[in-house]
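For reference, positions follow the sequence shown, starting with 1.
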Amino acid sequence: MTVESTAARKPRRSAGGKAGTTGTKSSTTGTKRTTSRTAAKKAPGTEPELIQLLTPEGERIKNAEYDPYIAGITPEELRGLYRDMVLTRRFDAEATVLQRQGELGLWASLLGQEAAQIGSGRAVTDDDYIFPTYREHGVAWCRGVDPTNLLGMFRGVNNGGWDPNSNNFHLYTIVIGSQTLHATGYAMGVAKDGANSAVIAYFGDGASSQGDVAEAFTFSAVYNAPVVFFCQNNQWAISEPTEKQTRVPLYQRAQGFGFPGVRVDGNDVLACLAVTKWALERARNGEGPTLVEAYTYRMGAHTTNDDPTRYRHDDERAAWEAKDPIARLRSYLQSQTDTDEGFFAELETESEALGRRVREVVRSMPDPDHFAIFENVYADGHALVDEERAQFAAYQESFADVEEGTQR
């Protein structure tokens, strides 16, 4: 089985989607939903609008504005989206374990954010260009990047394991928020070239507080750049909750820069697919930037050197586990399509095979060069760097002495 999913990248689209019209309303916690047909009109800003096409129970919600963007999706393509999410989660879990075993220096898990990444990743066409952060493992999967190529940087043996130009997927960006400026500049170039393509930049709720992001919003709006800003609001910027970063829902920030913003249920793969298609379509049509806030939740730690139990409660995670993106699509497949148990059994087998392959590839990678950090700091060398290198060498040699003493 190849890495690339069988899910089609290009379900039939239709024009005319509009920002701000949804089939559901949601409270700021995402735990209460009433249909827009029966809910009273809320005062602006009191209850953020949430675009949702699939409930946590796996029930389909009709939405006149966004249904056209997934109208042609087939059961086979739905199974492809499910496969994408399951295998991405399996890879992510294996990478986390490998870090705990000392095979990786660090890992940033996407657990809980599979729908936001797979839905948006499958909305992008081959000609579009993607600028990720360091957590977009699902988007990389959709782009055809072999999962094992993501791990070299986290093992410390390279600065990225793929050619960005081979699949229009930029290398991971560790500096928070800077990729939004790169995406905006690239999109401005795309517009000047007259290309019929768009750019999408991924970032988190924490990055939305960075000055780089505000500058990217300004430039993209003024120059009408064909870029989609896709913010995965997973509720926590390491240990800082969203309410300590902003007084308004994140998607509403776009209004101040003069372009539309929408909030989508980030645990609903169909809604993320439809909304991203709409946003990319308006970018290609010359209508400028869009901010998409995917309202989701980081189920695990920020990275493997983080302990989320120190700043959030278990009941919060339990509430979001009930809205698991994979479970809701499985419920829909079982109730509304001809998907049988054989499909899930075969996928489980494929999932385990992927885990084994990831382990084998990582363990066959070379160990990182411990002294590479001291190279290329100064063009002509520096006494302080030489001193620090010597100190580090002595530190490394101390471990050899311990090991030798243990063997004796």
Atom of Leu291, atom of Cys231 and distance for their closest heavy-atom approach
CD1-CB, 4.3 Å

Under a 3.5 Å cutoff, is there a donor and acceptor pairing between the side chains of Thr303 and Asp306?
no

side-chain hydrogen bond (donor to acceptor under 3.5 Å, both in side chains): pairs with one or both residues in residues 177-196, sequence neighbours excluded:
none

Would Glu76 and Thr74 count as having a side-chain donor-acceptor pair, cut-off 3.5 Å?
no

Not counting sequence neighbours, which residues clear ring pair (Phe, Tyr, Trp, His ring centres under 6.0 Å) with His370? List them please.
none

Within 45° of the ring axis of Phe344 and under 6.0 Å from its six-membered ring centre, is that where the NZ or CZ of Arg330 lies?
yes

Considering residues at least two apart in sequence or located in another chain, which fulfil the side-chain hydrogen bond (donor to acceptor under 3.5 Å, both in side chains) criterion with Arg363?
Gln101

By side chain to side chain contact (heavy atoms under 4.5 Å, CB included), which residues pair with Thr246, not counting sequence neighbours?
Thr242, Val248, Leu250, Arg253

Residue pairs, two or more places apart or on separate chains, that pass salt bridge (Lys or Arg N to Asp or Glu O under 4.0 Å) and touch residues 153-166
Glu103-Arg155, Arg155-Asp367

In terms of relative ring orientation, are Trp236 and Tyr311 parallel, tilted or perpendicular, with 30° and 60° separating the classes?
tilted

Contacts of Glu243 meeting side chain to side chain contact (heavy atoms under 4.5 Å, CB included) (sequence neighbours excluded), chain-then-number -> Pro241

Look at the rings of Trp107 and His137 and say which category their plane angle falls in: under 30° parallel, 30 to 60° tilted, over 60° perpendicular.
parallel

